[in-house]
There are 2 protein chains.
Amino acid sequence: MTNIQRAKETEATGEGFLKSIAIDAVIFGFHDNQLKVLLIEYKRTGLFGLPGGFVRVDEDLNTAALRVASERTGLTDIYLEQFYVFGDYSRYDPSRFKTIMTANGQSPTEDHWLLKRFVSVGYYALVDFTKVNLAPAAIFDSCNWYDLNEVPTLIQDHNGIIKKALEALRLSLDNKLTGFNLLPRDFTMGNLQTLYETILGRKLLRPAFQRKMLALGILERVAKKWTGGAHKAPYLYRFVAGKTINSEI
Amino acid sequence: MTNIQRAKETEATGEGFLKSIAIDAVIFGFHDNQLKVLLIEYKRTGLFGLPGGFVRVDEDLNTAALRVASERTGLTDIYLEQFYVFGDYSRYDPSRFKTIMTANGQSPTEDHWLLKRFVSVGYYALVDFTKVNLAPAAIFDSCNWYDLNEVPTLIQDHNGIIKKALEALRLSLDNKLTGFNLLPRDFTMGNLQTLYETILGRKLLRPAFQRKMLALGILERVAKKWTGGAHKAPYLYRFVAGKTINSEI
DNA sequence: TATTATTGTAACATTATGTTACAATAATAA
DNA sequence: TTATTATTGTAACATAATGTTACAATAATA
């Protein structure tokens with residue numbers, strides 16, 4: 001995503017971008033049996049927030065969301081889903097952008113386009129934690145994984161956005177089988193179950209879970225895995241794409 | 001929603017509105033055992049489309065959607081749900097707005113804000129057909145109910161928007177019990193079942209459906225109804241609000 | 001008063017899910 | 001080398017949910 005001669009967000013007029021529309025991305029990863037979320041830290045401000053961005057005038061909205069998620073993770077093939085548009089007037093708070101800019105020696109003009117009101121399209125992304133290469137978006141920030149239950153206070157309504165993203169993810173787990181996007185190609189049934197348990201926030205019964213997952217017919221058993229644990233080695237499974245599930249509820 | 005001294009959408013600059021953001025409302029009704037959708041006809045153009053609108057700079061996005069739906073139906077208490085944001089660049093087609101304006105003796109300037117690209121937030125609304133009073137939005141259009149399987153070709157991607165709204169409605173039927181918003185206060189089990197069958201697009205088994213609905217504990221049996229049919233009279237039911245369903249999937 | 005069409009629901013069949021139990025086995029330790 | 005340990009895979013049963021058949025109840029009509 002090199003945009004050498006293309007417009008920058010930081011230009012005052014916002015030339016080249018759709019006005020009033022922002023994208024916020026809740027990028028989920030799964031590591032050490034914990035759900036992680038990718039957060040931005042704005043340097044010299046102590047402010048944290050979700051990675052976000054704007055839509056170029058010649059760019060699809062979904063493409064813009066993919067670009068935002070790609071820029072931070074280094075991945076190109078990302079499972080992305082719109083989950084809500086945050087458009088309350090009360091979200092409007094120009095002071096935050098001013099703070100970030102001034103903390104870095106810049107002073108935006110009063111009519112800077114980023115000081116106007118934005119409606120934000122929320123996307124959640126599911127990525128394979130092991131494949132991600134974190135990269136800051138601008139010189140003003142850095143980005144890192146945070147455990148979902150150790151998320152600091154974020155700017156604006158970003159804590160609420162994460163909450164809503166998690167709710168949407170929970171619903172899509174059963175309907176769309178999205179969970180696999182959070183795992184590496186090969187995984188054990190135990191991996192899968194703890195992933196489900198973490199997202200759903202409750203324990204599941206092992207035999208029932210295994211029976212159900214296998215009955216879906218979307219898992220291919222690939223090989224044994226010798227973990228090094230003093231116990232029977234689990235099988236490795238792989239998600240078999242191309243099979244759609246009819247979730248006739 | 002009287003906005004006497006407030007800005008109008010038709011002004012060239014779009015002063016007072018958020019730029020680049022539109023709202024499209026798929027307003028569903030249910031009548032004669034048929035799902036209906038409310039469509040706008042733009043006069044002297046032969047063009048049909050969904051009711052839509054824009055967001056005022058001091059207005060919540062959801063409030064704007066409610067305003068759009070209210071203006072057409074005359075209702076104030078409307079079940080509304082965001083279901084998708086349509087943001088592909090390929091949607092961009094300024095000619096449509098030109099056609100509608102010129103058909104009515106107006107000629108928008110080349111830099112009219114409505115000739116720019118918009119991203120559209122899709123909402124679906126569920127209304128009690130019997131309570132609706134249709135009202136056109138502007139002097140350029142009229143609005144009417146259309147049977148869902150007799151929808152004409154619509155402007156832009158509006159046919160696709162309806163399709164996606166229906167898919168979202170189908171999912172919410174079981175999870176959120178939204179169906180009742182389409183029925184009058186009192187209804188028979190038969191009414192409810194045909195509503196479900198119409199939305200889901202398939203037949204349901206009567207005993208199982210009745211058993212399930214009653215088991216939900218959200219229906220109050222109010223009285224007998226004497227329809228005039230040569231058969232046993234059905235009970236009337238009423239939706240008992242306040243009871244939330246835990247759709248632990 | 002018999003007929004008709006539809007309603008309400010019981011009763012059973014089937015499927016899905018919850019739960020208990022136990023054999024299989026990779027690593028560790030005796 | 002062999003017993004121990006912790007975990008895995010799954011059978012087997014229990015319970016709940018859903019699918020299906022059947023039939024009595026009854027409001028209007030003939």
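Throughout, protein chains are lettered first and strands after them, A, B, ... in sequence-line order, and every chain is numbered starting at 1.
Distance A:L214 CG to D:dA11 C1': 14 Å, rounded to the nearest Å.
B:N191 contributes a side-chain N or O that, together with a main-chain N or O of B:T188, makes up a donor-acceptor pair within less than 3.5 Å.
Among A:N144, A:L154, A:T153, A:N159, the single residue meeting the side-chain contact (heavy atoms from CB on, under 4.5 Å) criterion with A:F48 is A:L154.
Neither OP1 nor OP2 of D:dG9 sits under 4.0 Å from any side-chain N or O of A:K232. A:Q210 has no side-chain polar atom (N or O) that falls below the 4.0 Å cut-off from OP1 or OP2 of D:dT8.
The nucleotide D:dT20 finds its pairing partner in C:dA11, both defining distances of the Watson-Crick or G-U wobble pair being shorter than 3.5 Å. In this structure, C:dA2 and D:dT29 make a Watson-Crick or G-U wobble pair, each of the two defining distances being under 3.5 angstrom.
Set against C:dA10, D:dA12, D:dG9, the side chain of A:R221 has D:dG9 as its closest nucleotide. Side-chain proximity of A:Y235 to the nucleotides D:dG9, C:dG8, D:dT20 is greatest for D:dG9.
Between B:Y196 and B:F209, the angle of the ring planes goes over 60°, which puts this pair in the perpendicular group of the 30/60° scheme.
Remark: aromatic rings of A:F28 and A:F30 are distant, center separation not under 6.0 Å.
In this structure, B:A233 and A:R206 both approach DNA chain C, and ranking their closest nucleotides by distance from the 5' end singles out B:A233. Both A:R211 and A:P234 lie near DNA chain D, and the one whose nearest nucleotide falls closer to the 5' end is A:P234.
Looking at heavy-atom distances under 4.0 Å, A:A208 makes contact with a base.
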